[in-house]
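So you know, we letter chains A, B, ... as the sequences are listed, proteins then strands, and number each from 1.
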Amino acid sequence: MHMSNNDNLYAMRHSLAHITAAAVARLWPEAKFGVGPVVKDGFYYDIDIPNVTISSDDFAKIEAEMNKIIGEKQAFDKSEKQVDEAIKWAKDTKQPYKEELLNDLKRSGTTVASDLNAEELGTIAEDDGAVENVSFYTNGDFTDLCRGPHVANTGEVGAFKFLRVAGAYWRGKETNSQMQRLYGVAFSTKEELAHYLELQEQAKQRDHRKLGKELDLFVTSDLVGSGLPLFTPRGTVLREELTRYSNDLRQQYGFEKVWVPHITKTALYEKSGHQAKFGDELFLVKSQETSDEFVLKPMNCPHHTRIYASKPRSYRDLPVRYLETTTVYRDEKTGELGGLSRVRSITQDDSHVFCREDQIETEIGNLLVAAVDMYKAVDMNLRVRLSYRDENDTYLGDEKLWQSAQEQLKNAVVASKLDYFEEAGEAAFYGPKIDFMATDALSREHQLATVQLDFVQPSRFELEYAAEDGNKQTPVIIHCALLGSIERFLSVYIEHTGGKFPVWLAPEQMRIIQVKDSPQLNEFVDKILAVAKEYGVRATADRTNESVSKKIRSGEVMKLPYIVVVGEKELQSGVLTPRVRQDFAVHGRLEAAYPYENLISSIANETTSRVQKSSL
RNA sequence: GCCGCCUUAGCUCAGCUGGUUAGAGCAACUGUUUUGUAAACAGUAGGUCCCCGGUUCGAAUCCGGGAGGCGGCUCCA
């Protein structure tokens, strides 16, 4: 039989899942099996063993048992059973999870979660209707319900390794019992497996939590709480520089900064409709002076609508554009918090445009340009998803308005020359949107920026403007965040750069290493620092009583863009030779020498032009 | 929230099955050294072994509870 490499790898991983079950069944005969699918880079198997919890200490034992089975090169025999027969098999062998799957198969021809209504099932089922027969694979004395494909025998499964075991709800539902999910990675050859593990190790090296500590960017405190990171001076420079650029990009297009308080009466969210949606994610704030009940804001749009509604608006005033980088608070489930990617204090570079229907395209166009500029500056590739509505009737707002808006969105995207794709059914219930996917240095895609149209809040808040004919009209809101959440953006960006920030973002752009302690040198270094300050370059001097080598090392470890050793030679000549960080050192750069003021003005230039690669 | 693992000095980590005053490297501090492109030398200080409770003659180590961290809880016989 001829199989492509991919098909074969798939069959191998599938077979490994099967062998995992076989090995577990040998070790714990009472084990109940759920599903054992192939996933990215490997496979897993959901297993429930009464009164036994598998830990990573058991991996060796399970792997050994699997290797026995693999060594025996048992043939995989495929057989078919009629569904009812299969259900009887599941009952006889006491496999309740398999029984549930089989019952679903019998009923609807699919194993997709059984609590969907009939209509939904109809659209999901692969072939309309119940299946007649199901397939089984047997190796040695172990038989498992499995669609396959499998390899010919247990000896042909390549290299694998268990990485972790984790709890997983049966069929992903919180109300179901929790099973143990054994995750394995698997590849055709040992070399490929080793390569994969090596890549994992590299990713670990650039983990933003590790770098956050090493580069002194942010900290957490048990006393403050989970999911509430604190930013150090260095981390704050990153936040503020990113925010400043994100704001600048929009202020070019007439956005004005506003400010709102961080707590509000719950009435605001009752009106906006967020109360129901955010419900248990709201942090409650109780007044001790009055009987007022407040909440910490989980988003900013309702507040911004209050500013819009503070006075009558004419069609001539539109678009009204508000911009605010501010923190919102959401009480995420504690188990979902982690690093900067999932936090409870979320800072958004948020903006809202209140505009007429016919202004949507232009406004979106401007925001697209801003997004492109933003992601160019942080050196990440962007593509966008146009998320439209589908035929479902869960969407709010006039259908004609949706049509026109979706067209305008698309026109703006096409004009922006962004790489895009369209997807129906991905829209928010309140309007269509553009989701930006940014690709990082490890080829992972992240959804960061969004532009969303909103037809619902304007009417809920009874926003209006006077049209040319004097009639009251309802504006449309365009929500936009370029960075999304600054915390999440940083979690991605720190890993994207591995902590090697471009000059415009580097918390410390230049460090002077003073060779020795003398009044003349002190004076010279002071002068350099003063000039740097004048140019707005973030510079420091290392005057500690340490060897030059050691001071260079500590600068390198902090991944500083420019390190400049200043001693007698420099004092005499007034000329500096910077040591340039490897990743953007240009050939010949290290030897180049500059009068100190030139060096500093060049660095200042890189800051304002936000160029990635040095061009001194 | 649920399941599993983890928490020892500022950081990274040793500490075997419960048994003397809990260790190392780096960082800090003091002194010597005044240094030329990735770690000078010597010394000093630093610990409620995450917290609370229990078992025990004895707990960093075992048990229970709590806090914090990490991996998962979508990928579908």
> Looking at CE of A:M558 and CD1 of A:I563, how far apart are the two atoms once the value is rounded to the nearest 0.5 Å?
Replying inline: 11.0 Å
>> Run the side-chain contact (heavy atoms from CB on, under 4.5 Å) test against A:R553 and tell me which residues pass, sequence neighbours left out.
In response: A:V557
> Quick one: is the NZ or CZ of A:R181 closer than 6.0 Å to the six-membered ring centre of A:Y44, and within 45° of its axis?
Replying inline: yes
> How does each nucleotide of nucleotides 33-40 of chain B score, in 5' to 3' order, for protein heavy atoms under 4.0 Å: base (B), sugar-phosphate only (S), or none (-)?
Replying inline: BBBBBBBB
For a quick test of reading the model: is some side-chain N or O of [X] closer than 4.0 Å to OP1 or OP2 of [N]?
{"X": "A:Y183", "N": "B:C73", "answer": "yes"}
{"X": "A:K213", "N": "B:U12", "answer": "yes"}
{"X": "A:Y44", "N": "B:C75", "answer": "yes"}
{"X": "A:R164", "N": "B:G72", "answer": "yes"}
{"X": "A:R209", "N": "B:C70", "answer": "yes"}

Say we look at [N] and [M]: how far apart would their [atom1] atoms be, to the nearest angstrom?
{"N": "B:C13", "M": "B:A27", "atom1": "C1'", "answer": "14 Å"}
{"N": "B:U74", "M": "B:C29", "atom1": "P", "answer": "50 Å"}
{"N": "B:U12", "M": "B:C5", "atom1": "P", "answer": "22 Å"}

Report which part of the nucleic acid [X] touches: base, sugar-phosphate, or nothing (heavy-atom distance under 4.0 Å, all strands).
{"X": "A:G555", "result": "nothing"}
{"X": "A:G42", "result": "nothing"}
{"X": "A:A168", "result": "sugar-phosphate"}
{"X": "A:S554", "result": "nothing"}

> Do NZ/NE/NH1/NH2 and the carboxylate oxygens of A:E508 and A:R511 come within less than 4.0 Å?
Replying inline: yes
> For A:K81, does the NZ atom have more than 12 heavy-atom neighbours from other residues, nucleotides or ligands under 6.0 Å away?
Replying inline: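 More than 12 heavy atoms, drawn from other residues, nucleotides or ligands, come within 6.0 Å of this atom.
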> With no hydrogens and no angle check, is any side-chain donor or acceptor of A:R488 less than 3.5 Å from a backbone partner on A:Q447?
Replying inline: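 Pair found, side chain donor or acceptor close to backbone of A:Q447.
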> With no angle test and no hydrogens, is the base of B:C3 tied to the side chain of A:Q180 by a donor-acceptor pair under 3.5 Å?
Replying inline: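 Such a pair does not exist between side chain and base.
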